[in-house]
Amino acid sequence: MQFYLAPMEEITGYVFRNVYQKMFGDIDRYFTPFITPMQKRVLRTKDRNEVLPENNAGMHLVPQILTNDAGQFLDLAKRLGMMGYREFNLNLGCPSGTVVPKGKGAGFLDSPLRLRHFFEEVFAAEEFSGSQLKLSVKTRLGLTDADEFPDILKIYNQFPLSEVIIHARVRSDYYANHPDLGAFALAAENSVNPVCYNGDLFTAEDYLEFTRHFPAVDRVMMGRGIVKNPGLVREIITGQKITREELCRYEHELWKGYCEAYHDENNAMYKMKEVWFYLKDMYCEPEKVLRKIRKAKKPAEFRAAADMILERQELYGR
Ligand SMILES: Cc1cc2nc3c(=O)[nH]c(=O)nc-3n(C[C@H](O)[C@H](O)[C@H](O)COP(=O)(O)O)c2cc1C
């Protein structure tokens with residue numbers, strides 16, 4: 001099985017990836033949170049930091065691009081290609097109300113014809129037709145109904161995508177409801193390109209259950225599950241659960257990483273609070289943990305609260 005870390009805007013950025021890679025190193029592919037091509041053809045500082053090779057040493061990183069304009073996609077891919085990237089992922093899943101109405105992210109799924117034109121233009125470019133550069137997609141099953149997917153898949157099947165990563169929900173689900181495993185099964189059966197599963201694999205048991213149903217699927221992407229429990233992939237592979245000491249080291253490394261990246265403890269605290277929103281689930285009393293974290297208004301209060309939790313709160317399932 002190949003394990004991918006899902007892109008999560010504001011969370012699985014380069015600081016997170018580096019800390020994770022150094023401690024666990026068991027992810028086969030990392031994906032950047034989406035990068036939007038800019039009119040002026042320059043990367044925003046934030047996006048540039050995401051892809052700088054020195055910020056991603058030793059990792060297989062795939063930049064994710066959010067656009068519905070093949071020209072802009074090609075321009076950005078070629079520029080990132082000059083930095084050494086060979087593979088790009090197109091975001092066809094973002095459900096945001098600011099993205100979908102523009103026909104991007106999951107909004108692009110609304111018009112399979114335009115999607116086909118997009119791929120035709122990309123694969124007509126020398127770099128992509130000669131397989132010098134590769135393109136994968138990360139897609140939802142549709143906008144409001146998984147019945148939309150067979151038509152969408154017909155389009156994907158016409159092109160040599162390196163993989164089709166399926167977040168098995170529709171846009172209107174956002175992150176609610178359950179992934180549609182029936183629709184995923186149909187997609188996996190009918191895709192001519194390799195398929196990767198994504199959605200709600202939160203525990204080693206979820207993973208095992210999934211592999212029992214889908215023994216032929218050889219790649220899975222996990223996001224929230226790993227942010228909730230950074231030891232999840234290792235636990236799946238070896239059975240060894242993350243220890244309190246490891247969790248403490250991981251959290252301290254993240255704090256150090258954000259402080260260094262932002263040169264500002266307040267910003268580091270805000271980033272850490274987003275991580276703790278997920279990390280709380282490591283504990284028997286997640287809501288109590290979250291309350292303590294949220295109550296902290298200053299970095300020193302935050303560190304005191306986090307360290308108290310890391311030392312004393314009871315870990316779930318131990
Ligand atoms: C806070 C947050 C930010 C996300 N940002 C992105 C993103 O930038 N690009 C993307 O393709 N998906 C993004 N996603 C979706 C995840 O990559 C993933 O598809 C989704 O969380 C389902 O997988 P999971 O259940 O393993 O978390 C985001 C999800 C969350 C919760």
Side-chain angles (χ1 to χ4, degrees), residues 1-14 16-17 20 27-37 44 46-47 49-51 61-68 73 87-100 104-109 135-142 161 163-181 183-184 187 195-207 209-211 214 217 219-230 232-233 235-236 270-281:
M1 182 63 82
Q2 291 191 59
F3 295 96
Y4 299 172
L5 179 68
M8 287 173 67
E9 206 194 359
E10 300 294 344
I11 297 181
T12 62
Y14 75 95
F16 182 98
R17 297 195 298 271
Y20 183 92
I27 291 292
D28 297 289
R29 271 190 174 77
Y30 291 93
F31 293 75
T32 66
F34 66 76
I35 298 173
T36 310
R44 290 181 301 185
K46 180 170 170 272
D47 294 336
N49 285 335
E50 278 305 315
V51 291
L61 179 69
V62 180
Q64 186 188 67
I65 299 177
L66 176 86
T67 185
N68 56 11
F73 175 89
E87 195 177 334
F88 304 92
N89 181 262
L90 178 68
N91 180 319
L92 293 171
C94 181
S96 158
T98 56
V99 167
V100 169
K104 298 181 196 172
F108 206 174
L109 302 176
L135 170 63
S136 66
V137 295
K138 178 162 177 286
T139 182
R140 291 205 180 217
L141 293 167
L161 298 169
E163 54 191 3
V164 177
I165 303 167
I166 301 177
H167 178 193
R169 285 187 167 89
V170 290
R171 184 264 175 154
S172 52
D173 287 330
Y174 285 81
Y175 297 95
N177 305 324
H178 293 291
D180 186 337
L181 293 182
F184 174 77
V195 161
C196 171
Y197 175 79
N198 171 237
D200 290 20
L201 299 179
F202 295 143
T203 63
E205 292 73 34
D206 292 342
Y207 169 82
E209 172 96 10
F210 174 80
T211 54
F214 295 97
V217 172
R219 49 196 92 182
V220 291
M221 173 181 266
M222 294 187 277
R224 290 167 298 173
I226 292 175
V227 188
K228 283 169 189 281
N229 172 8
L232 178 60
V233 175
E235 188 181 329
I236 287 171
Y270 295 126
K271 294 298 277 189
M272 290 301 291
K273 284 187 174 191
E274 294 191 42
V275 173
W276 271 101
F277 172 77
Y278 295 95
L279 209 53
K280 71 176 187 307
D281 291 337

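Atoms within a ligand are numbered from 1 in the order they appear, just like the ligands themselves.
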inquiry  = With heavy-atom distances below 4.5 Å as the criterion, would you say the side chains of Leu232 and Tyr207 are in contact?
reply    =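 No, side chains not in contact.
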
task = Check whether any side-chain heavy atom of Met221 sits under 4.5 Å from a side-chain heavy atom of Leu201, and report yes or no.
result =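 When only atoms from C-beta onward are counted, Leu201 and Met221 do not touch, as no gap falls below 4.5 Å.
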
request  = For Gln2, enumerate each residue passing the side-chain contact (heavy atoms from CB on, under 4.5 Å) test, keeping only those at least two apart in sequence or located in another chain.
outcome  =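 If we apply the side-chain contact (heavy atoms from CB on, under 4.5 Å) test to Gln2, skipping adjacent residues, the hits are Tyr4, Asp28, Arg29, Arg219.
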
For Phe214, all residues meeting ring-ring contact (aromatic ring centres under 6.0 Å, His included), sequence neighbours excluded =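 Scan of Phe214 (ring-ring contact (aromatic ring centres under 6.0 Å, His included), adjacent residues dropped) gives Phe184, Phe210.
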
query = What pairs with Tyr14 under ring-ring contact (aromatic ring centres under 6.0 Å, His included), at least two apart in sequence or on another chain?
reply =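 ring-ring contact (aromatic ring centres under 6.0 Å, His included) list for Tyr14, sorted by chain: empty.
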
task = For ligand 1, would you mind listing the residues that have at least one heavy atom less than 4.0 Å away, ordered by chain and number?
result =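 The 4.0 Å shell around ligand 1 contains Ala6, Pro7, Met8, Glu9, Pro33, Phe34, Gln64, Asn91, Lys138, His167, Tyr175, Asn198, Gly199, Asp200, Phe202, Met222, Gly223, Arg224, Tyr278.
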
inquiry  = Checking the side chain of Arg171 only, and the main-chain atoms of Pro95 only, is there a donor and an acceptor separated by less than 3.5 Å?
reply    =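 Checked: pair present.
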
